[in-house]
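Please read these numbers as outputs of a predicted model, since none were measured by experiment.
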Amino acid sequence: MVRLPYTTALTTLFSYGLLFAFGQIRDFFRKFIDWFKAKNVKGYAPICLGLEDFYVRRLYLRIQDCFGRPIASAPDSWFDVVERTSNDNNKTLQRTSNTTRCLNLGSYNYLGFAAADEYCTPRVIESLKKYSASTCSVRVDGGTTKLHAELEELAARFVGKPAAILFGMGYVTNSAIIPCLIGKGGLIISDSLNHNSIVNGARGSGATVRVFQHNSPAHLEEVLREQIAGGQPRTHRPWKKIIVIVEGIYSMEGELCKLPEIIAVCKKYKAYTYLDEAHSIGAVGQSGRGVCELLGVDPADVDIMMGTFTKSFGSCGGYIAASKEIIQHLKHTCPAHLYATSMSPPAVQQVISAIKVILGEDGSNRGAQKLARIRENSNFFRSQLKKMGFEVLGDNDSPVMPIMLYNPAKIPAFSRECLRQKVAVVTVAFPATPLLLARARICISASHTREDLMKALDVISRVGDLVGIKYFPAEPPKITEAGHDKLE
C-alpha cells in the first residue's frame with residue numbers, strides 16, 4: 001500500500017484545491033456568458049449537469065494530450081506515435097500526418113507477441129483467409145469454429161482446469177460472468193483494489209457486496225467471520241453462497257496477490273475463490289501459467305479462473321476456466337456467450353499460436369526464452385528505478401511497475417517530457433486511481449532489449465530530476481576497478 005508523505009499530501013491537496021477553486025470561478029462567470037445561448041431543448045432536463053462533468057472540463061481537458069495518444073504501428077518495443085495539435089488550449093486535438101518513433105513503455109505486450117512473429121503471424125494470416133475477419137454470429141448460432149473449440153481445450157489445459165469458455169472482450173468476461181455465478185442471497189467479498197469490471201459485475205449480480213483491505217488475508221478472515229455470523233441483511237438467514245474475488249497481479253499496483261494465504265482462509269470458511277489473471281497469465285511463472293504456478297498453488301484450489309488474451313498473448317478476448325459443470329452452466333446462461341458476436345477467428349488463432357510457442361509446441365525454445373526475458377527485464381528495471389530514488393510499487397517478477405507522481409501538475413509534465421525525449425509512458429490519475437495517488441504505469445516487455453531499458457532508465461531519471469518525483473535518496477553508483485561508474 002502507498003503511504004503518502006505528509007508534505008506531499010498537503011501540496012497535492014493544495015494543487016487540486018487551487019484547480020477546483022479556479023474552475024468554480026470560471027463556471028460562475030460562464031453562466032452569464034451562456035445565459036442566452038442555452039443548448040438544451042426547451043422543457044428537457046440537461047443530459048450533462050455542470051458538476052457531473054466538472055472534472056472533465058476543468059481538469060482532464062487541460063492535460064488530455066497526455067491520454068489516448070494514437071499510434072500508427074504495431075505496439076512493439078518501439079512504435080510510431082501520431083503527433084497532435086490544439087488551437088483552443090487542449091479543448092480539442094487534431095491529428096497531424098507526422099509521427100514520432102518512441103520507446104513503448106505503456107502497452108501490455110508482455111511476451112512480445114503483439115508484433116509480427118515468425119510462428120504466429122503466418123498462421124493468423126492463413127486463418128483470416130479461411131475464416132474471414134469475423135464470424136458475424138453469436139457462439140450458439142454460427143459463431144463457433146474449430147478454432148474456438150481448439151482454444152477452449154488448449155486454454156483449459158494451459159491453466160490446469162477441466163474446461164474453459166471464451167469471450168470476445170476481457171472486460172465483459174468479468175462483468176457478464178459474475179452475475180451468472182451469484183445473485184440475490186449470495187455474498188461477494190471483493191479486494192478493495194479490484195478492477196472496475198469486477199466491481200460492475202458484482203454490482204450487477206444483485207448479491208450483497210463486502211470489501212476487504214487490499215491483499216490482507218487477515219482482514220478477509222475478519223470480514224468472512226462477521227458476515228457468516230450475521231447472515232443475510234434483515235432476515236439473518238445463511239448466505240446461499242459466498243465468493244471471494246481477487247486478482248493475480250493488480251494492474252494499478254503491480255502487486256502479486258497473496259493467493260496461498262487467501263485460499264487457506266476461503267477453505268476454512270467454505271467460500272469459493274474467483275481469480276482474475278488478466279495481467280498474470282502468460283507473464284509470470286516458470287512456464288507462464290500465472291500466479292498459481294509462481295506461488296505454488298494447485299489450480300484445483302481455485303474454483304473459477306478468469307484471464308484475458310489481450311496482454312501476454314497479443315490478441316483480444318478473455319476466458320473462464322473451471323469445472324465442466326460450471327462451464328456448461330455459463331454456456332446456457334451467460335448473455336456474453338448467448339448474445340454477443342464470437343471472438344474473431346484470426347484473434348483466436350493468434351492465441352492458439354502464442355500458447356503453443358510458450359509451451360514449446362512450435363518446436364523451439366523461444367517461449368522459454370521470452371518468459372526468462374520478461375522476468376529478467378522486469379526485475380532489472382524495477383531495481384534500477386528504486387536505486388534512482390523513485391517510489392515504485394509492486395513486487396518482483398511483475399511486469400507492471402507504477403511510479404508515483406502524486407501532484408496533478410507532475411502528471412502532464414512527466415508525460416510530455418518523456419514523449420519529447422521519445423519515450424512513451426502511460427500516466428494514470430483519478431478516477432482510475434484515488435485522487436491523491438496519480439502515477440505513471442510502466443509495462444515491460446520481453447521484446448525490450450537491454451539497450452532499450454538503459455535508454456528508458458536514462459530518460460526517466462533525467463525527467464524525474466526535472467519534475468521532482470524522486471521521493472527517496474538515490475543509491476550512489478558503484479565504482480569499478482577502472483574508476484568508472486557502473487549501473488548494475
Side-chain angles (χ1 to χ4, degrees), residues 1-28 30 48-69 89-91 106 171 190-200 202-203 209-216 219 247 249-255 279 385 390-394 400-418 425-443 460 463-464 467-472:
M1 294 294 289
V2 182
R3 294 183 179 179
L4 188 59
Y6 186 71
T7 305
T8 304
L10 283 178
T11 55
T12 303
L13 281 170
F14 177 78
S15 299
Y16 275 113
L18 205 63
L19 287 168
F20 182 81
F22 275 97
Q24 290 292 343
I25 292 171
R26 292 184 67 182
D27 277 5
F28 176 77
R30 192 72 185 176
C48 294
L49 299 177
L51 286 176
E52 290 179 356
D53 64 345
F54 175 84
Y55 181 86
V56 173
R57 289 183 294 104
R58 298 306 183 198
L59 280 81
Y60 174 79
L61 289 182
R62 297 165 70 97
I63 60 172
Q64 70 165 323
D65 60 298
C66 299
F67 307 101
R69 288 170 176 152
N89 297 317
N90 260 14
K91 288 182 181 178
Y171 187 97
S190 179
D191 188 289
S192 61
L193 296 184
N194 273 343
H195 192 263
N196 181 261
S197 59
I198 295 174
V199 173
N200 283 341
R203 289 174 177 171
V209 181
R210 294 291 180 265
V211 175
F212 70 97
Q213 293 171 6
H214 172 59
N215 228 2
S216 173
H219 190 244
E247 296 187 38
I249 292 179
Y250 291 87
S251 58
M252 289 298 168
E253 286 70 37
E255 195 172 3
H279 286 268
L385 287 175
F390 292 101
E391 184 174 1
V392 185
L393 305 186
V400 182
M401 47 200 75
I403 301 174
M404 298 308 298
L405 302 176
Y406 297 120
N407 197 287
K410 295 180 180 181
I411 300 169
F414 183 80
S415 177
R416 290 166 181 164
E417 187 60 25
C418 282
V425 297
V426 170
T427 50
V428 189
F430 181 85
T433 65
L435 187 65
L436 303 184
L437 302 181
R439 63 201 67 181
R441 183 177 63 178
I442 305 299
C443 292
I460 291 174
V463 174
V467 177
I469 56 173
K470 292 184 177 180
Y471 295 103
F472 300 107

Original post:
Parallel, tilted or perpendicular for His195 and Tyr171, by the 30°/60° rule?
Top reply: perpendicular
**OP:** Determine whether more than 12 heavy atoms belonging to other residues, nucleotides or ligands lie under 6.0 Å from atom CZ of Phe22.
**Re:** no
Subject >> Shortest non-hydrogen separation from Cys443 to Gly106 and the atoms involved >> reply: SG-O, 4.0 Å
Original post:
With a 4.5 Å heavy-atom cut-off, do Asn194 and Glu247 have their side chains touching?
Top reply: yes
Original post:
Is the backbone N or O of Lys91 less than 3.5 Å from a side-chain atom of Gln64, with the two atoms forming a donor-acceptor pair by type?
Top reply: yes
Subject >> Lys410 bridged to Glu417 by N-O distance under 4.0 Å >> reply: no
Original post:
Considering only heavy atoms from C-beta outward, does the side chain of Leu437 approach that of Met404 to under 4.5 Å?
Top reply: yes
Subject >> Side-chain heavy atoms of Asn215 within contact of Glu253, under 4.5 Å >> reply: no
Original post:
Which of these, Leu393, Ile442, Val428, Thr433, sits in a side chain to side chain contact (heavy atoms under 4.5 Å, CB included) with Pro402?
Top reply: Leu393
Original post:
Measuring from Ile411:CD1 to Tyr406:OH, what's the distance to the nearest 0.5 Å?
Top reply: 12.5 Å
**OP:** Find the distance between OG1 (Thr8) and CG (Leu13) and round it off to the nearest 0.5 Å.
**Re:** 11.0 Å
Original post:
Under 3.5 Å, is there a donor-acceptor pair linking the side chains of Ser415 and Arg69?
Top reply: yes
Original post:
Between atom OG1 of Thr427 and atom CD1 of Ile63, what is the distance when rounded to the nearest 0.5 Å?
Top reply: 6.5 Å
Original post:
So, His214 versus Glu255: side-chain donor-acceptor pair below 3.5 Å or not?
Top reply: yes
**OP:** Nearest 0.5 Å please: distance from the CD atom of Gln24 over to the CZ atom of Arg58.
**Re:** 9.0 Å
Subject >> For Arg439 against Pro434, the heavy-atom pair lying closest together >> reply: NH2-CD, 4.5 Å
**OP:** State, yes or no, whether a side-chain contact exists between Ser190 and Ile198 at a heavy-atom distance under 4.5 Å.
**Re:** yes
Original post:
Do Asp191 and Tyr250 come within less than 4.5 Å of each other through their side chains, counting heavy atoms only?
Top reply: yes
**OP:** May I ask you to check whether Phe430 and Tyr16 place their ring centers less than 6.0 Å from one another?
**Re:** no
Subject >> Student check: side-chain heavy atoms of Arg416 and Asp65 closer than 4.5 Å >> reply: yes
Subject >> Rounded distance (nearest 0.5 Å) linking atom CZ of Phe54 with atom CG of Leu19 >> reply: 8.5 Å
**OP:** I would like to know whether Phe414 and Ile460 meet side-chain contact (heavy atoms from CB on, under 4.5 Å); could you show each step before the answer?
**Re:** CA-CA 9 Å; Phe414 183 80; Ile460 291 174; 4.3 Å; yes
Subject >> Heavy-atom donor-acceptor pair, Arg441 side chain to Ser251 backbone, under 3.5 Å >> reply: yes
Subject >> Tyr471 (side chain) donor-acceptor with Leu405 (main chain) under 3.5 angstrom >> reply: yes
Original post:
To the nearest 0.5 Å, how far apart are CD1 in Ile469 and CD1 in Ile403?
Top reply: 6.0 Å
